[in-house]
Amino acid sequence: MKRSLRRKLAANVRVIAPERAMSILRVASVLAIVALGMMMWSLVDPMPAPVLLALSFGQLLGTISFMAFLVIIGWDRYRQWRARKQRENMARRASQPDDEDAAEDEDDEEAADEQA
Amino acid sequence: MHHTSPLTVIAALLAIISVVLLVRFLVMRPALDRNTKISLLLGLGVFPIAAAATTNVEGYQATQKRQFCGSCHVMTPIAQDSEDAKSAGLAARHARNAFTGANNCYVCHADYGMFGTVLTKMGGMRHVWLYYTEFRSMPMEEAKEKIHLVKPYPNANCMQCHSTENPGWLAEPEHRASLEATRSGTVSCASPGCHGFAHPNMVPEKDRGHTPAQLLPRPRIDAGAAQSLGLVDGGTP
């Protein structure tokens, strides 16, 4: 992965705080419940307004909620991957204290960028 | 419920399971661990997508029903005429046919061909748009004058079922005489001189006045004859 892309990803990951991620998931859940309600309405009363609402607005809300879930899960996975990577780097540095060249690898630069 | 097909039951069950999972997440507020992720994947992804797919199929089928088309007040008289067992209108006669039956609006007005379904649905959306923007509060008498087909009704739609090739059809002298005109669409099957108006109760008074008596819609079957034929409930004879 290119360094600039990794930097961008890291910056975006920091934007979503864990509490905020849970809030987004809660909003997504509410949107999905509303969308499912529209679908149920169209099944119970298959007339133009409910059917068209379910097939358009309901689909849109459902898609948004699922996309929000995917984004949050992707974010969470990336956050876990980064934490693991940092732990590995720290462990490697601890085991090779004199190897200064190793400190110049991409991951350390990225960490420095993030701190900056 | 108006319509309880197996798909409706499946869609309802999937939706209920999703809602239960989502409400549980909202109420219990669990941490974002593996179990929560799986639960949300089912509640926000798998079950709602399956419910949406089945609802789409059900919704698509619902849009083909006469009940759906007739729910807008400007279309109600047309739907009522179709359901009238005594009506001799072209639409009503087709409504008694098991093939068209409750879907007679869609079967007759659908465009055919590769993109026919899509074009028909786009046309239907246009109808909905026009209804909510122009005709929603329009009195019926005014609507009768203003509502008209965008293009002449194509004989090709009739010919999806009535091929114009069968010997019985060709044995009719009037069919033979107008064969080319019928196939090319220059003479409409649903014209007053041929099979009559499809929706006789929607013909504006001014058009009735200018139409020779012999070309007006065919008369309704009298009540006694309808009773003897068992046509009192709008069902198939």
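Worth knowing before you read on, the calculation uses all heavy atoms, side chains too, and leaves out hydrogens, waters and symmetry mates. Order of the sequence lines fixes the chain letters, A, B, ..., with proteins taken first and strands second; residue numbering starts at 1 for each chain. What you see is a predicted model, and the numbers here were worked out from it, not measured in a lab.
Of the atoms belonging to B:Thr54, not a single heavy atom falls under 4.5 Å from chain A. Both the backbone and the side chain of B:Val19 come within less than 4.5 Å of a heavy atom in chain A. Contact of B:Leu21 with chain A is not made at all, since no heavy-atom distance falls under 4.5 Å. For B:Tyr131, no part lies under 4.5 angstrom from a heavy atom of chain A. Contacts of A:Ala68 with chain B are absent, with no heavy-atom separation under 4.5 Å from either backbone or side chain.
Closest heavy-atom contact between B:Lys37 and A:Asp76: NZ-OD2, 2.5 Å. Nearest heavy atoms, B:Leu44 versus A:Ala28: CD2-O, 3.6 Å. A:Met22 and B:Ala31 get closest at one heavy-atom pair: CE-C, 4.5 Å. Considering all non-hydrogen atoms of both residues, B:Asn56 and A:Leu55 come closest at OD1-CD2, 3.0 Å. Closest approach of A:Ser29 and B:Phe25 over heavy atoms only: OG-CD2, 3.4 Å.
Here CG of B:Leu14 is found 10.0 Å from CE of A:Met40. Values are rounded to the nearest 0.5 Å. Atoms CD1 and CG, from B:Ile17 and A:Leu36 in turn, are 11.5 Å apart once rounded to the nearest 0.5 Å. With values rounded to the nearest 0.5 angstrom, B:Arg29 atom CZ is found 12.0 Å from A:Leu25 atom CG. To the nearest 0.5 Å, atoms CE (A:Met39) and CD (B:Glu58) are separated by 13.5 Å.
At least one side-chain heavy atom of A:Pro48 sits under 4.5 Å from a side-chain heavy atom of B:Phe68. Taking 4.5 Å as the limit, some side-chain heavy atom of A:Ile33 sits within range of a side-chain heavy atom of B:Leu26. Contact check for A:Leu52 versus B:Tyr132: no side-chain heavy atoms found under the 4.5 Å cut-off.
Summarising the local packing, CE of B:Met122 is surrounded by 12 or fewer heavy atoms from other residues, nucleotides or ligands at distances under 6.0 Å. Heavy-atom neighbours of A:Arg26 CZ from other residues, nucleotides or ligands within 6.0 Å: above the threshold of 12. No more than 12 heavy atoms of other residues, nucleotides or ligands sit less than 6.0 Å from atom NZ of B:Lys146.
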| task | For B:Leu40 and A:Ile73, run side chain to side chain contact (heavy atoms under 4.5 Å, CB included): C-alpha distance rounded to whole Å, both residues' side-chain angles, the deciding distance at 0.1 Å, then the answer. | result | CA-CA 10 Å; B:Leu40 285 177; A:Ile73 294 304; 5.9 Å; no

